Each structure stands twice: as structure tokens, then as C-alpha cells.
Amino acid sequence: EKMGAEVFTRPEVAEAADGFVRIRLDYDQHPAAVDRFNIMVLPTFAVLDPNGRPIESAQGYLPPDRFVRFLERARATWDATKTSSSSPSD
């Protein structure tokens with residue numbers, strides 16, 4: 001797998017992925033996930049919130065720098081969601 005050999009082994013990717021839980025699903029064995037997340041291209045990456053709702057997704061091969069940016073966007077989106085949901089209502 002190209003992502004495994006060229007991306008996931010990179011220290012900058014490991015650092016950006018700190019705190020994320022990586023789950024790998026087999027396309028053929030999990031057709032419900034394919035439908036739920038509208039997967040049309042492999043690989044597909046999705047960062048989900050604790051309730052299983054997508055925060056950020058990307059499809060296809062991503063070189064290390066782009067994968068790091070994908071994770072940074074997901075973390076920023078999650079942080080903004082947590083901040084907005086914890087702020088007092090007016």
C-alpha cells in the first residue's frame with residue numbers, strides 16, 4: 001500500500017496524527033460504511049467526531065504534506081466545534 005509505505009511512516013505524519021484513532025476498514029467487508037460515507041475512491045480518509053459524524057474527509061492518495069494538512073484541518077474544525085459548543089449561550 002502506497003500510503004502505508006510513503007505516508008504513514010513519516011515522522012511529520014505521525015506527529016500530526018497524534019491523538020487520532022486510526023481505523024482501517026475493508027471495502028468489501030463493510031458495505032454499510034461505503035454507503036454511509038459515500039466512498040467512491042480508494043483510499044478514502046475520514047475524521048469523525050465521537051458520535052460518528054464526519055468532520056473532514058479526503059479521497060485518493062495524499063502525499064505526506066497534504067495528509068498533514070488534512071489532519072490539521074480536521075483538528076482545527078474539531079477544536080472550533082468544541083469551542084463553539086462550550087461557549088455560553090446568550
Side-chain angles (χ1 to χ4, degrees):
E1 164 188 286
K2 190 172 182 176
M3 290 294 295
E6 297 179 8
V7 179
F8 299 138
T9 57
R10 299 286 296 263
E12 65 271 28
V13 172
E15 183 178 336
D18 187 48
F20 289 93
V21 176
R22 181 178 175 204
I23 299 172
R24 181 178 177 163
L25 296 178
D26 185 286
Y27 182 88
D28 295 323
Q29 294 182 10
H30 299 278
V34 172
D35 292 337
R36 178 178 178 194
F37 299 110
N38 196 28
I39 296 172
M40 297 187 182
V41 175
L42 296 177
T44 293
F45 305 97
V47 175
L48 310 176
D49 72 10
N51 296 312
R53 291 184 299 256
I55 294 172
E56 190 75 37
S57 65
Q59 296 182 334
Y61 172 81
L62 298 175
D65 61 325
R66 287 187 53 212
F67 196 77
V68 166
R69 285 196 306 270
F70 161 73
L71 293 173
E72 288 171 344
R73 279 192 316 271
R75 189 179 309 275
T77 300
W78 172 246
D79 289 345
T81 301
K82 288 191 322 185
T83 301
S84 67
S85 67
S86 66
S87 60
S89 56
D90 296 319

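The figures here come from the full heavy-atom set of this structure, side chains too, leaving out hydrogens, waters and symmetry mates. All of these numbers come straight from a predicted model, not from anything done at the bench.
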Participant: Just wondering, are more than 12 heavy atoms of other shown residues or ligands nearer than 6.0 Å to CD in E1?
Facilitator: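 More than 12 within 6.0 Å, yes.
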Participant: Does any N or O in the side chain of N51 come within less than 3.5 Å of the main-chain N or O of R53, such that one atom is a donor and the other an acceptor?
Facilitator: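 Absent.
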Participant: Taking all heavy atoms of Y61 and all of P63, pick out the closest pair and write down the distance.
Facilitator: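 Where Y61 meets P63 most closely, the heavy atoms are CE2-N, 3.6 Å.
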Participant: Is F37 close to T44 at the side-chain level, that is, under 4.5 Å between some pair of heavy atoms?
Facilitator: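 Of all side-chain heavy-atom pairs linking F37 with T44, none is under 4.5 Å.
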Participant: Under a 4.5 Å side-chain heavy-atom rule over Ile, Leu, Val, Met, Phe, Trp and Tyr, are V47 and V7 clustered together?
Facilitator: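 Yes, one cluster joins them.
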Participant: Hey, are R75 and D79 close enough for a salt bridge, meaning a charged N less than 4.0 Å from a carboxylate O?
Facilitator: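 Looking at R75 and D79, the cut-off is not met.
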Participant: For W78 versus P50, what's the shortest heavy-atom pair and its separation?
Facilitator: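 In this case the closest contact between W78 and P50 is CH2-CD, 3.3 Å.
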Participant: Report the distance from atom OG1 of T9 to atom CE of M3, rounding to the nearest 0.5 Å.
Facilitator: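 Here the rounded value is 10.0 Å.
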Participant: With sequence neighbours excluded, what pairs up with R73 under the salt bridge (Lys or Arg N to Asp or Glu O under 4.0 Å) test?
Facilitator: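 Result, salt bridge (Lys or Arg N to Asp or Glu O under 4.0 Å) vs R73: E56.
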Participant: Using the rule that two of Ile, Leu, Val, Met, Phe, Trp, Tyr join whenever any of their side-chain heavy atoms come within less than 4.5 Å, decide whether L48 and V34 are in one cluster.
Facilitator: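 Yes, L48 connects to V34 through the hydrophobic network.
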Participant: Return the minimal non-hydrogen interatomic distance between Q59 and V41, and the atom names on each side.
Facilitator: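 Heavy atoms only, the tightest pair is OE1-CG2, 3.7 Å.
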Participant: Are L25 and I39 grouped together when hydrophobic residues (ILVMFWY) are joined by side-chain heavy atoms under 4.5 angstrom apart?
Facilitator: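 No: no chain of side-chain contacts under 4.5 Å links L25 to I39.
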Participant: Going by salt bridge (Lys or Arg N to Asp or Glu O under 4.0 Å), name the residues that satisfy it together with R10, two or more places apart in sequence or in a different chain.
Facilitator: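 For R10, the residues satisfying salt bridge (Lys or Arg N to Asp or Glu O under 4.0 Å) (neighbours in sequence not counted) are E12.
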Participant: Going by heavy atoms in the side chains, are Y27 and L42 under 4.5 Å from each other?
Facilitator: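 Result yes, sub-4.5 Å side-chain heavy-atom pair found.
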Participant: List the residues meeting ring-ring contact (aromatic ring centres under 6.0 Å, His included) with F45, not counting sequence neighbours, and say none if there are none.
Facilitator: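 Here the qualifying residues are F67.
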